[in-house]
A.B. asks: 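Structure below; questions to follow.
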Protein chains: 2
Amino acid sequence: MSIEIKISPNEGLYLKEPQDSKLGINIIKYSILMIDEYGFESFTFKKLAKEINSTEASIYRYFENKHLLLLFLVNWYWEWVSYLIEINTRNINDPRNKLRIIIHSFVSASKDNPGIVYVNESKLHNIVISEGMKAYHTKEVDKENSKGFFKSYKDLARSVSDVISEINPNFKYPFTLATNLFEMSNNQIFFAKHLPRLTDISGDTGEVNEVEEMLNYFVEKLLE
Amino acid sequence: MSIEIKISPNEGLYLKEPQDSKLGINIIKYSILMIDEYGFESFTFKKLAKEINSTEASIYRYFENKHLLLLFLVNWYWEWVSYLIEINTRNINDPRNKLRIIIHSFVSASKDNPGIVYVNESKLHNIVISEGMKAYHTKEVDKENSKGFFKSYKDLARSVSDVISEINPNFKYPFTLATNLFEMSNNQIFFAKHLPRLTDISGDTGEVNEVEEMLNYFVEKLLE
DNA sequence: TTTTAAATAATAGTATTACTATCACATAAA
DNA sequence: TTTATGTGATAGTAATACTATTATTTAAAA
């Protein structure tokens, strides 16, 4: 017996649910591998089609364009992190403890989790670090936001901000701190890998542990 | 009499110094206006050429491609912020005071500064907020970093981190805090404008002042 | 088991993007 | 006044980002 989890981002992101067919699952699986390997700009539906022995036109039946595919993947990641946070903090009452677990959940998410067969969570995390912000830094952000394409991230931010407010109800910036934990974590991991002069994270001991420690330190200082 | 400032990003970013000719200056001026208005992805050299009554081929004599043009603009911005910080903190000795001025300098940079005629600093700031991270979130970041294309940002981060270390020599993350001040500022301004559920910045009183206050609050808490 | 519907593959085609190359002309420095 | 140098005009190419059409396979319904 195995328990199946299905993570379902907003329906408007795709033309046809990719997680329900062989081809759709291949699109998800190999787009993650290819975006991670070659980067988002040089990733194309044509190359993906070739990789999975399909055609461009077939992929276009699932996703309108590669931007929406990226947004789908990033949403999938946010949903997955939300799921991890939920199960990891279940039955934990102390909010400080909760926030520590939250931080561990998203920083180490890719390291110590089984997950879903067709999603390489570790590579998806790399994509979120390297390309994630491109999912919302576009001229269409307002239109897409009104369609609910960022709901997953907003829900996640809200649940983290609730914990922050529980720790210190007088703290004026719970949402900012919540989103900044995510953005800062991704940024500093990226810097440690590519622009080390911009960070104190060395990457030697495994940047992930260092980042986790750092985020906990920041949180402690800010909420004391 | 007027004093002329010339801001000069790394030479490798362009094929021919754009600030030395009419056409080059037009490229800078109108690329800022057009990227701000239409966004980076739908900005092309062809459209720019049309706008300034020149040709694609002529623009390519200045910049290899639009990515390097963006990197040039972002570098220009960093150099400009560095310059502002330098003149604004001159003769200030107290490092806490210095850091406040630094924060004011880059958050309000575009608001209260004369600057250089062919650069609309306010719109350039918008570009840095909306598109800036695309300048380094690419697969070529390591190669470009080795050519010194990010030196301006690194120097800026170093000078801010020095002030942070002066305030509290025991603080373990001066570089991380320095870069996070920039990234967080840009991010939260972007969120306030487009994804308000992700931030506590309202944008009502002018998000810039709110952000400045918030950054000062964070710094105070973290360095006390 | 056959009919029918749905999904995919194969192929072709278009507009735009991201360039490169060549040549002619204007302008300005030697 | 020669000679660079910069710019414009024009053309062309390969790749990208799609759309459309038809044929074929696969799966569900009768």
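The structure displayed is predicted, hence computed values, not measured ones.
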A.B. asks: On DNA chain D, does the nearest nucleotide to Lys47(A) precede the nearest nucleotide to Lys16(B) from the 5' side, or the other way round? Give the residue.
C.D. replies: Lys16(B)
A.B. asks: Between dT7(D), dT11(C), dA17(D), which nucleotide has the shortest distance from any of its atoms to the side chain of Thr44(A)?
C.D. replies: dA17(D)
A.B. asks: At what distance, to the nearest 0.5 angstrom, does CZ of Arg197(A) lie from NZ of Lys151(B)?
C.D. replies: 10.5 Å
A.B. asks: Where the side chain of Tyr60(B) is defined as all heavy atoms beyond and including C-beta, which of dA9(C), dT7(D), dA18(C) is the nearest nucleotide?
C.D. replies: dA18(C)
A.B. asks: Find which nucleotide of DNA chain C each of Glu41(B) and Ser21(A) is nearest to by heavy atoms, and output the residue with the more 5' nucleotide.
C.D. replies: Ser21(A)
A.B. asks: Calculate the interatomic distance between Leu15(B) atom CG and dG6(D) atom P; express it in whole Å.
C.D. replies: 12 Å
A.B. asks: Nearest whole angstrom, please: distance from the C1' of dA4(D) to the CZ of Arg61(B).
C.D. replies: 14 Å
A.B. asks: Between dA10(C) and Thr55(A), is there an OP1 or OP2 to side-chain N/O distance shorter than 4.0 Å?
C.D. replies: no
A.B. asks: Set out, in order, the CA-CA distance, both residues' side-chain angles and the distance that settles ring pair (Phe, Tyr, Trp, His ring centres under 6.0 Å) for His125(A) and Tyr77(A), then state yes or no.
C.D. replies: CA-CA 7 Å; His125(A) 189 199; Tyr77(A) 175 81; 5.5 Å; yes
A.B. asks: Lys66(B) NZ to dT16(C) C1': how many Å, rounded?
C.D. replies: 12 Å
A.B. asks: Please pick, from dG6(D), dA9(C), dA17(D), the nucleotide with the shortest atom-to-atom distance to any side-chain atom of Ser54(A).
C.D. replies: dA9(C)
A.B. asks: Could Glu86(A) and Arg90(A) be called an ion pair, given the rule that one side-chain N must be under 4.0 Å from one carboxylate O?
C.D. replies: yes
A.B. asks: For the side chain of Lys46(A), starting at C-beta, report the closest nucleotide among dA10(C), dA18(C), dT16(D).
C.D. replies: dT16(D)
A.B. asks: Taking the side chain of Glu56(B) as its heavy atoms from C-beta onward, which of dC19(C), dT21(D), dA9(D) lies nearest to it?
C.D. replies: dC19(C)
A.B. asks: Less than 4.0 angstrom from a charged side-chain N to a carboxylate O is my criterion; do Lys139(B) and Glu41(A) meet it?
C.D. replies: no
A.B. asks: Pairing donors with acceptors under 3.5 angstrom, does anything connect the side chains of Glu11(A) and Tyr14(A)?
C.D. replies: no
A.B. asks: In terms of relative ring orientation, are Phe63(B) and Phe72(B) parallel, tilted or perpendicular, with 30° and 60° separating the classes?
C.D. replies: perpendicular
A.B. asks: Provide, to the nearest angstrom, the distance between the CD1 atom belonging to Ile27(B) and the P atom belonging to dG8(D).
C.D. replies: 9 Å
A.B. asks: May I ask you to say what Asn53(B) touches in the nucleic acid, namely base, sugar-phosphate or nothing, with a heavy-atom cut-off under 4.0 Å?
C.D. replies: sugar-phosphate
A.B. asks: Can you tell me how far P of dC18(D) sits from CG of Leu48(A), to the nearest Å?
C.D. replies: 14 Å
A.B. asks: Could you state the CD1-C1' distance from Ile52(A) to dT8(C), rounded to the nearest angstrom?
C.D. replies: 11 Å
A.B. asks: Side chain of Ala57(B) only, please: which of dT10(D), dA18(C), dT8(C) is the nearest?
C.D. replies: dT10(D)
A.B. asks: State which of dT8(C), dC19(C), dT16(D) makes the closest approach to the side chain of Leu23(A).
C.D. replies: dT8(C)
A.B. asks: Counting only side-chain heavy atoms from C-beta out, which of dT10(D), dA7(C), dA10(C) sits nearest to Tyr62(A)?
C.D. replies: dA7(C)
A.B. asks: Does any N or O donor sit under 3.5 Å from an N or O acceptor when you compare the side chain of Glu64(B) with the base of dC19(C)?
C.D. replies: no
A.B. asks: Check the distance between dT10(D)'s P and Ile59(B)'s CD1 and give it to me in whole angstrom.
C.D. replies: 16 Å
A.B. asks: Asn65(B) has an atom CG; how far is it from atom P of dT16(D), in whole Å?
C.D. replies: 15 Å
